[in-house]
Amino acid sequence: MKTKNLLEVLQVKQIIGLLPEKIKSIQQDSRKVEEGSMFVCIKGYTVDGHNFIEEALERGATTIVVEDDPGIHVKGASIILVPNTMKALAHLANKFYNYPSKQMDVIGVTGTNGKTSVSSLINKLLEGVGRKTALSGTNGMTIAGEVTATSNTTCDILENQKLFSDVAEQGAEDVVMEVSSHGLAQGRVWGIDFNIAVFTNLTQDHLDYHQSMEQYGQTKGLLFAQLGNDTARKKFAVLNSDDPWSKKYEYITPAEVVTYGILENANFKAKQIQYLEDKTVFTLETLEGEFSVETRLLGEFNVYNVLAAIATLFVKGVHVSKAVALLRSINPLEGRMEQIPIDAPLKVYLDYAHTPDAIRSSIASVGHLQRNRLIYVAGTGGDRDKEKRPLMAQEASVADVVILTINDVRNEDPQEILRGMEKGMQHKNYGMLADRKEAIEHAVEISEPGDILIIAGKGNEQYQITGTKKEHHSDKTVVTDYIKHKYNIPI
Ligand SMILES: CC(=O)N[C@H]1[C@@H](OP(=O)(O)OP(=O)(O)OC[C@H]2O[C@@H](n3ccc(=O)[nH]c3=O)[C@H](O)[C@@H]2O)O[C@H](CO)[C@@H](O)[C@@H]1O[C@H](C)C(=O)N[C@@H](C)C(=O)N[C@H](CCC(=O)O)C(=O)O
Ligand SMILES: Nc1ncnc2c1ncn2[C@@H]1O[C@H](COP(=O)(O)OP(=O)(O)OP(=O)(O)O)[C@@H](O)[C@H]1O
């Protein structure tokens with residue numbers, strides 16, 4: 001792209017040196033810089049991108065965008081001084097990739113729990129009505145079954161614009177996107193023109209990063225404020241009326257609000273809910289009348305997720321009856337209270353619960369099932385929110401037997417992590433095993449016919465992080481293999 005055109009979007013304080021005629025690519029990571037790149041220096045949590053200017057120049061950068069004057073003059077390259085490089089990057093990336101979010105409908109889903117579940121549901125329903133969609137989140141960017149792995153649940157500004165541009169080129173009409181609180185706090189979604197913002201819930205998590213629930217809640221609110229004042233496109237906030245934070249988000253968003261819930265008044269309200277062995281059935285009260293809903297997704301938390309998805313489809317112009325009909329054929333999501341299909345005398349579920357509220361939800365979702373004992377494997381991650389650890393164990397204590405373990409130890413002392421959780425245990429019927437494989441095998445070993453076993457923390461993730469090393473691990477494989485061994489099931 002011509003440098004002159006690209007720079008039209010920037011508020012430039014000073015340009016030092018001669019500008020190149022064209023910019024071949026924009027990079028915020030010096031290690032990705034190539035000949036003709038523009039390198040934008042971002043001040044991060046770990047390091048300051050300004051420290052890598054020389055490396056970027058050596059690799060062929062012809063333009064360096066800075067907010068601190070590095071005091072160097074380099075022949076053949078120019079330095080562009082701006083007030084804030086992160087904001088500059090949002091403008092530059094948008095312009096460079098031709099404003100891809102304006103070419104599609106963008107639906108952002110935020111909340112402590114349920115982002116992956118709700119965005120996947122919305123995506124499947126949209127596909128069901130014939131829309132070409134892309135799904136961005138914890139599982140990468142997916143379009144037409146093709147997955148591009150991403151570095152974060154919510155990618156950085158540059159990666160987002162590049163991926164959006166790729167899927168727009170492939171004909172995507174909608175992008176459904178998980179928006180994490182880290183992503184919002186770090187401005188990773190600056191420059192994305194959202195049409196719909198969906199809120200699931202706000203409960204304790206990530207306080208290592210956000211410091212307080214107040215700050216965490218305010219950060220989530222940025223998505224609703226970011227719906228902006230552009231009235232040329234229809235904008236909606238889809239809010240959970242049973243979560244008190246929704247009132248605040250309703251106040252701060254300029255968009256139209258549609259609500260869903262079970263307890264409070266809502267535009268989409270579930271009543272007469274029946275939790276059955278293999279399905280959930282309820283009556284849905286809506287702006288378009290009453291509907292009978294049947295879904296294979298189990299538990300109350302999934303009723304909320306289904307309501308959020310149907311309300312989103314409604315504001316996209318899809319008749320409720322159509323969404324309700326499509327919902328019948330949607331299977332439970334991998335690793336989200338996913339039942340392991342195995343011919344064993346007990347029920348086994350994999351779940352991704354790694355917050356106190358998600359643990360509560362996962363246990364509640366099997367509350368209606370006949371059982372002997374409930375055995376719960378609860379895990380938490382190292383180098384992450386320590387305050388939630390005892391609260392997780394407290395919620396897990398509702399189970400008859402609890403095995404405390406670790407999801408990804410990262411750089412922490414494993415025993416310290418376990419002791420953190422142990423403080424919250426409410427009864428003595430528990431064990432602690434730092435090795436996740438051993439913990440799962442132990443849970444199976446002590447199981448008896450008629451028990452329910454929930455293995456929570458990693459869902460369908462296929463790895464474990466020790467230090468900075470990512471190694472293959474699958475809860476599903478570990479539990480399936482050991483059940484076959486224990487219950488003599490032929491392979
Ligand atoms: C704490 C945190 O969120 N960190 C994020 C942050 O990293 P950072 O600020 O430390 O970046 P940095 O390493 O200091 O680098 C600063 C700048 O220098 C550049 N650099 C760096 C090194 C070098 O050699 N050359 C170079 O140019 C970097 O490219 C960057 O532009 O910015 C990076 C780019 O956007 C993120 O990838 C990174 O996420 C880390 C990996 C992470 O683990 N984040 C988690 C907590 C997170 O964000 N999780 C949420 C999901 C949470 C949920 O489940 O709800 C997510 O959205 O993924
Ligand atoms: N609406 C909900 N309310 C409470 N708990 C939920 C809800 N939806 C899902 N959960 C629980 O949270 C777990 C994680 O669900 P999901 O992956 O959809 O959330 P997420 O917000 O994407 O999580 P993360 O940000 O950590 O990737 C599920 O396995 C389930 O135990």
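Position 1 is the first residue of the sequence, and the numbers go up from there. Just so we're clear, the structure is a prediction, and the values are computed from it rather than from any experiment. Both ligands and their constituent atoms are indexed starting at 1 by order of listing.
Contacts between Ala353 and ligand 2 below 4.0 angstrom, taking non-hydrogen atoms only, involve backbone and side chain alike. At a heavy-atom distance under 4.0 Å, only side-chain atoms of Glu178, from C-beta outward, approach ligand 2. Heavy atoms of Asn113 found under 4.0 angstrom from ligand 2 belong to the backbone as well as the side chain.
Proximity of Ile455 to Arg436: side-chain heavy atoms (C-beta onward) are separated by under 4.5 Å at one or more points. Residues Leu125 and Ile330 have side chains in contact (heavy-atom distance under 4.5 Å, counting atoms from C-beta outward).
In this structure, Thr153 has no heavy atom closer than 4.0 Å to ligand 2. Put simply, no part of Thr200 is less than 4.0 Å from ligand 2, judged by heavy atoms. Judged by the shortest distance from any of its heavy atoms, Thr112 lies inside the 4.0 Å radius around the atoms of ligand 2. Between Glu300 and ligand 2 there is no heavy-atom distance shorter than 4.0 Å.
Near Asp357, meaning under 4.0 Å from any of its heavy atoms, are these atoms of ligand 2: 4 (C).
For the pair Lys220 and Trp245, the NZ or CZ position fails the cation-pi test of under 6.0 Å to the six-membered ring centre and within 45 degrees of the ring normal. Judged by a 6.0 Å distance limit and a 45° cone about the ring axis, Lys316 is not positioned over the six-membered ring of Phe236.
Aromatic rings from Tyr260 and Phe268 are positioned such that their centres are separated by 6.0 Å or more. Residues His50 and Phe52 place their aromatic rings such that the two centres sit no closer than 6.0 Å.
Ranking protein heavy atoms by distance to atom 20 (P) of ligand 2, first place goes to Lys115 N, 3.5 Å. Looking only at heavy atoms of the protein, atom 17 (O) of ligand 2 is closest to Arg336 NE, 2.6 Å.
Here the shortest heavy-atom distance to atom 18 (O) of ligand 2, taken over Ser117, Ser120, Ser180, belongs to Ser117. The option with the heavy atom closest to atom 12 (O) of ligand 2, from among Ala308, Gly459, Ala358, Ala364, is Ala358.
A side-chain N or O of Gln272 and one of Thr283 form a donor-acceptor pair less than 3.5 Å apart. Looking at Tyr376 and Tyr430, their side chains never bring a donor and an acceptor atom within 3.5 Å of each other. There is no side-chain donor-acceptor pair under 3.5 Å between Tyr216 and Gln211.
Enumerated by chain and number, the residues approaching ligand 1 to less than 4.0 Å through a heavy atom are Gln28, Asp29, Ser30, Arg31, Phe39, Ile42, Gly44, Tyr45, Thr46, Val47, Gly49, Phe52, Lys115, Asn152, Thr153, Thr154, Asp156, Ser180, His182, Gln186, Arg188, His206, Arg384.
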I'd like to know whether Lys43 forms a salt bridge (Lys or Arg N to Asp or Glu O under 4.0 Å) with Asp68, so could you lay out the CA-CA distance, the side-chain angles of the two residues, the decisive distance to 0.1 Å, and finally the verdict.
CA-CA 10 Å; Lys43 287 182 180 172; Asp68 295 339; 2.8 Å; yes

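Using a 4.0 Å cut-off between charged side-chain N and carboxylate O, Glu338 and Lys347 make no salt bridge.
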